[in-house]
Amino acid sequence: MAEHNAVDKKIENFDVMLSAEEIEGRVRTMAESISNDYRDKRPLMIGVLKGAVIFLSDLIRCLTIPVEIDFIAVSSYGNSTATSGVVRILKDLEQSIEGKDVLIVEDIVDTGLTLNYLVENLGSRQPKSLKVVTLLDKPDRRKVSFEPDYCGFIIPDRFVVGYGLDYGEDYRQLSDLRVINE
Ligand code: IMP
Ligand code: MG
């Protein structure tokens, strides 16, 4: 319990980078763009576990088109191999995506390795189309070139938590996005 108090105090010291209201407004406009671009379609939105869960759930509730959802979980092998772009699928999709309009939904693009791998892997499964939606983008940290099709916010090279993003599995439940102070 003493530990818990220490953590609570730390949260208050984290600077807010994006308020819940700012995120909500941006998610709404992203949903409008997607609803417009995919009108008369029924895309499959694939959330990348676990970080994208909150973003995906808010985003789909603002859409005016029908969608399906599925989830994929990936993990990189750790620092030494991360540079080689080795990504492991921990939980795969429940269905074939052949002939479907697919949107990968991610919390953040950092080095670009995860999405680079996912686009290549899912792209080889013959979807009709494949695009990437990310809430956040940290372009300063790229190891491989990668451009998301839809991006909520471009942010500076800081480690952020909240709105689904974690630091050692903590802080995912915060409704705003905060900076971890080193
Ligand atoms: P990438 O392969 O380096 O682009 O990795 C993206 C993944 O790293 C994201 O899906 C997050 O899980 C994690 N990540 C990158 N930057 C942050 C951050 O600032 N906060 C929390 N997680 C992050
Ligand atoms: Mg993630």
Side-chain angles (χ1 to χ4, degrees), residues 7-8 10-20 22-24 26-27 30 34 44-60 69-93 97 102-125 130-182:
V7 169
D8 284 350
K10 269 178 80 185
I11 290 175
E12 285 156 30
N13 292 333
F14 295 165
D15 294 326
V16 175
M17 183 182 276
L18 296 168
S19 69
E22 284 175 285
I23 297 170
E24 190 193 329
R26 185 68 184 124
V27 169
M30 292 177 86
I34 293 168
L44 171 65
M45 318 264 305
I46 298 177
V48 185
L49 295 172
K50 302 173 223 174
V53 161
I54 312 270
F55 175 45
L56 175 84
S57 67
D58 281 349
L59 184 69
I60 61 174
I69 63 169
D70 202 344
F71 295 94
I72 195 164
V74 294
S75 131
S76 41
Y77 271 113
N79 276 344
S80 53
T81 47
T83 43
S84 64
V86 178
V87 175
R88 200 162 43 119
I89 292 186
L90 301 175
K91 182 221 168 287
D92 209 335
L93 303 174
I97 59 170
V102 174
L103 279 159
I104 303 174
V105 182
E106 178 58 303
D107 52 359
I108 185 165
V109 190
D110 188 30
T111 63
L113 291 169
T114 304
L115 278 169
N116 197 51
Y117 170 81
L118 279 177
V119 165
E120 196 179 292
N121 183 297
L122 299 181
S124 72
R125 305 184 192 185
L130 180 61
K131 286 193 175 181
V132 172
V133 190
T134 186
L135 178 70
L136 306 167
D137 188 0
K138 275 199 275 193
D140 295 346
R141 297 244 319 157
R142 281 298 193 287
K143 285 180 182 163
V144 289
S145 83
F146 185 85
E147 273 289 327
D149 300 283
Y150 300 90
C151 171
F153 301 92
I154 290 174
I155 63 167
D157 180 11
R158 305 292 301 277
F159 199 86
V160 291
V161 295
Y163 202 74
L165 289 94
D166 74 306
Y167 176 67
E169 295 299 326
D170 280 326
Y171 314 119
R172 292 193 197 274
Q173 82 279 13
L174 301 175
S175 3
D176 47 21
L177 191 80
R178 302 193 194 196
V179 180
I180 293 262
N181 298 310
E182 272 100 334

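Note: hydrogens, waters and symmetry copies are ignored here, and every other heavy atom, side chains too, is used. Counting starts at 1 for both ligands and their atoms, following the listed order.
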Nearest non-hydrogen atom to [atom] belongs to which of [options]?
atom                    : options                      : answer
atom 15 (C) of ligand 1 : Leu113, Asp110, Asp157       : Asp110
atom 2 (O) of ligand 1  : Val48, Thr114, Leu115, Val87 : Thr114
atom 7 (C) of ligand 1  : Ile155, Ile108, Val144       : Ile108

Sole residue of Ile46, Val48, Val87, Leu113 in side-chain contact (heavy atoms from CB on, under 4.5 Å) with Leu118: Val48

[X] to [Y] - nearest heavy-atom pair and separation:
X      : Y      : answer
Val133 : Leu59  : CG1-CD2, 4.3 Å
Phe55  : Glu106 : CD2-O, 3.6 Å
Asp107 : Gly51  : OD2-CA, 3.2 Å
Ile23  : Leu177 : CD1-N, 4.0 Å
Thr134 : Met30  : O-CE, 3.5 Å

With heavy atoms only and a cut-off of under 4.0 Å, state how [X] meets ligand 1: side chain, backbone, both or neither.
X      : result
Arg158 : backbone
Leu165 : side chain
Glu106 : side chain
Asp107 : side chain

Within-cut-off N or O pair, Val109 and ligand 1, under 3.5 Å: no

Is it the case that ligand 1 has an N or O less than 3.5 angstrom from some N or O of Phe159? no

Examine ligand 1 and decide if any of its atoms is less than 4.0 Å from a heavy atom belonging to Asp166. yes

Residue Lys138 vicinity, atoms of ligand 1 by number, heavy atom under 4.0 Å: 16 (N), 17 (C), 18 (C), 19 (O)

Which ligand 1 atoms does Gly112 reach within 4.0 Å, using its non-hydrogen atoms? 1 (P), 3 (O), 4 (O)

Charged N to carboxylate O below 4.0 Å: is that the case for Asp15 and Arg158? no

With distance as the sole test, does Lys91 use its side chain to make a donor-acceptor pair with the main-chain N or O of Phe71 at under 3.5 Å? yes

